[in-house]
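Structure below; questions to follow.
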Protein chains: 2
Amino acid sequence: MNAPSRRKFRREGEERRRQDLIDATLDSVAEHGLGGATLRTIALRAGVTAGLIRHYFPGKEDLLQEAYAALMGRMTEQAKAALAMEDASPRQRLAAFVTANLNAPIIDQRVFSLWATFIGRAGAYPTLARAHSEGYLGFRNEVEALVAEVLAAERRKPDPAELRHHAIAINAIIDGLWIEGCLAGEMFSPGELAAIGVKTVEAELGLGPETGGNQ
Amino acid sequence: MNAPSRRKFRREGEERRRQDLIDATLDSVAEHGLGGATLRTIALRAGVTAGLIRHYFPGKEDLLQEAYAALMGRMTEQAKAALAMEDASPRQRLAAFVTANLNAPIIDQRVFSLWATFIGRAGAYPTLARAHSEGYLGFRNEVEALVAEVLAAERRKPDPAELRHHAIAINAIIDGLWIEGCLAGEMFSPGELAAIGVKTVEAELGLGPETGGNQ
DNA sequence: GGCGTTGTTGTGCAAGTGTATAAATAGCCC
DNA sequence: GGGCTATTTATACACTTGCACAACAACGCC
């Protein structure tokens, strides 16, 4: 008989399906690149058939767009989570922030691949460039605020330009070390990048070696 | 009549054709991404027909591989060219090196797009990851040598681990600022990134403000 | 000048692409 | 339990892709 049996399926909630499809998209892009992430590949990974995608997204372009937005959202969310620590000296919080950004899960080859793949198209898609700028500025402002606290605690009164330069530099230090950690993590011993990051950032701010402190 | 006239063509030297095809490939990748760079697009840009590519490269994969190698070659060549300055103090040479790496033509959106697009696939193609590591290490070794000279001139005797950390940090500073300059150059005033870079690098090395000097 | 070599063109093809749409069925309401 | 509806499958289609190959013509050699 071989009745042309159709595949069984379950109806999922809309939000759940969209998330699954976006996750499958990011997985596919990370694995096969932007060009290699086909609707069929994505659908397969999400456990549905390709046609379904059209039911949730007007076209492939839109799916990729939303996937990128989701990626950026998670990245900034994680980065900001590293700022949480409440009761600690500004200097300790800064060190903790740098350290968090230079260890798993932020140091992660898959996320880096995704970031590079998407940002590589920023030249052609101003949308991506703008998304980057916004994320970057958000991150930098957080850094700047933290730097202001640190310097205030040291009784120093930096002018705005100085503050801005510090934030730009610290951001660059974190970004540069992040890239190396993601691309060639095995080249560094565990914690080495974070240690270098903290030391470099403190040097940039002109903080002397940690005094036994104010406890 | 309309004789099915064939297109006129010229026979080019092998090396010339290969270079043209590689350049056309890089242009196509920069413009359309890895997936959008089709053999026909590349051939069009190179001023030949698609079939010819097969005469010079076994397959598309090989062409892309060679194009990436060419890109890396040019990047490291440019970066090292910034080290040329012969008669100058080590500290001045370091500053010149940093400055050169944070201005055109090294700060360039097209080159950045290419770099990001290719490196985004490093997770899947170990060849790319290895090429990056080699380029990175080469660059870092240059930095390390320069740092050694600078510190020697300051009569400081750093141990190897210290030297290594300085090189990693300085490399990260340059990379991080390079990315921002390429992605959002209009966010910074001309020369600002270079100025920040030099200042941050000198802080990292613990160099005091420039003394009137030894002249 | 003719001729052979081979760089170059043009066409063909199977596989895979995104999109459109019809058919089916899972799950909710009564 | 029996329909209703909208999620999901499945198929079709026009198009593009990388690659193969046969025909052609530019150029060096005699």
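Small disclaimer: the values here were computed from a predicted structure and weren't measured. When reading the values below, keep in mind they use all heavy atoms of this one structure, side chains included, and skip hydrogens, waters and symmetry mates. Convention: sequence-line order gives letters A, B, ...; per-chain numbering from 1.
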Residue pairs passing the salt bridge (charged side-chain N to carboxylate O under 4.0 Å, His left out) test where at least one lies in residues 104-113 of chain A, sequence neighbours excluded: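 Matches after skipping sequence neighbours: A:D27-A:R110.
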For B:Q109, side-chain hydrogen bond (donor to acceptor under 3.5 Å, both in side chains) partners two or more places apart: none
Partners meeting ring pair (Phe, Tyr, Trp, His ring centres under 6.0 Å) with A:F112 (sequence neighbours left out):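 With neighbours one apart ignored, the set is A:W115, A:W178.
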Set of residues satisfying salt bridge (Lys or Arg N to Asp or Glu O under 4.0 Å) with respect to A:R140, sequence neighbours excluded: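 Residues passing salt bridge (Lys or Arg N to Asp or Glu O under 4.0 Å) with A:R140: none at all.
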A:S113 to B:G123 - nearest heavy-atom pair and separation: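 Closest heavy-atom pair between A:S113 and B:G123: OG-N, 4.2 Å.
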How is A:E14 classified with respect to the nucleic acid when contacts are heavy atoms under 4.0 Å: base, sugar-phosphate, or nothing? nothing
Working to the nearest 0.5 Å, report the span between CD1 of A:I106 and CZ of A:R74. 14.5 Å
Starting from P on C:dA24, measure out to NE2 on A:H55 and report it in whole angstrom.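 After rounding, the gap between these two atoms is 17 Å.
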B:E15 CD to C:dG7 C1', straight-line distance once rounded to whole Å: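 Roughly 15 Å, once rounded to whole Å.
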To the nearest angstrom, how far is A:I42 atom CD1 from C:dG16 atom P? 17 Å
Taking DNA chain C as the partner, which of residues 59-68 of chain B come within under 4.0 angstrom of it by heavy atom?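 Within this stretch, nothing sits under 4.0 Å of the strand.
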Would you kindly give the CG-to-C1' distance between B:L44 and C:dG10, to the nearest whole Å? 15 Å
Residue whose nearest DNA chain D nucleotide is more 5′ - B:L39 or A:E12: A:E12
Let me know the distance between CG of A:L52 and P of C:dA24, rounded to the nearest Å. 18 Å
Over 12 foreign heavy atoms within 6.0 Å of OH, A:Y125: no
Where along nucleotides 20-30 of chain D does protein come under 4.0 Å, by heavy atom, of base (B) or sugar-phosphate alone (S), with - for untouched nucleotides? S--BSBBS---
Can you list everything that forms a side-chain hydrogen bond (donor to acceptor under 3.5 Å, both in side chains) with A:N141? Sequence neighbours excluded, please.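 Not a single residue meets the side-chain hydrogen bond (donor to acceptor under 3.5 Å, both in side chains) criterion with A:N141.
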Rounded distance (Å) that lies between atom P of C:dG18 and atom CD1 of A:I53: 9 Å
Using the salt bridge (Lys or Arg N to Asp or Glu O under 4.0 Å) criterion, which residues pair with B:R54? Sequence neighbours excluded.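 Once residues adjacent in sequence are excluded, B:R54 has no partner under the salt bridge (Lys or Arg N to Asp or Glu O under 4.0 Å) criterion.
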In whole Å, what is the span from the CZ atom of A:R16 to the P atom of C:dG27? 13 Å
Do A:R18 and A:D62 meet the salt-bridge criterion of a basic N to acidic O distance under 4.0 Å?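 No.
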Roughly, in whole Å, what's the span from OH in A:Y56 to C1' in C:dT19? 18 Å
Which pairs, with at least one residue in residues 55-97 of chain A and sequence neighbours excluded, count as a ring-ring contact (aromatic ring centres under 6.0 Å, His included)? A:Y68-A:F118, A:F97-A:F139
Between protein and nucleotides 12-15 of chain D, what N or O pairs are separated by less than 3.5 Å?
none

Give every donor-acceptor pair under 3.5 Å between a side-chain atom in residues 195-203 of chain B and any protein atom, sequence neighbours left out.
| from | atom 1 | to | atom 2 | distance (Å) |
| --- | --- | --- | --- | --- |
| B:T200 | OG1 | A:E204 | OE1 | 3.2 |
| B:T200 | OG1 | B:I196 | O | 2.7 |
| B:E202 | OE1 | B:R91 | NH2 | 3.1 |
| B:E202 | OE2 | B:R91 | NE | 3.3 |

So which of residues 24-38 of chain B are in contact with DNA chain C, with a heavy-atom cut-off of under 4.0 Å?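 Nucleic-acid contacts, sorted: none.
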Do A:L34 and B:T117 have side chains that get closer than 4.5 Å, going by heavy atoms?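 No. Closest side-chain heavy atoms not under 4.5 Å.
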Only residue of A:T127, A:L137, A:I119 satisfying side-chain contact (heavy atoms from CB on, under 4.5 Å) with A:H132 is A:I119
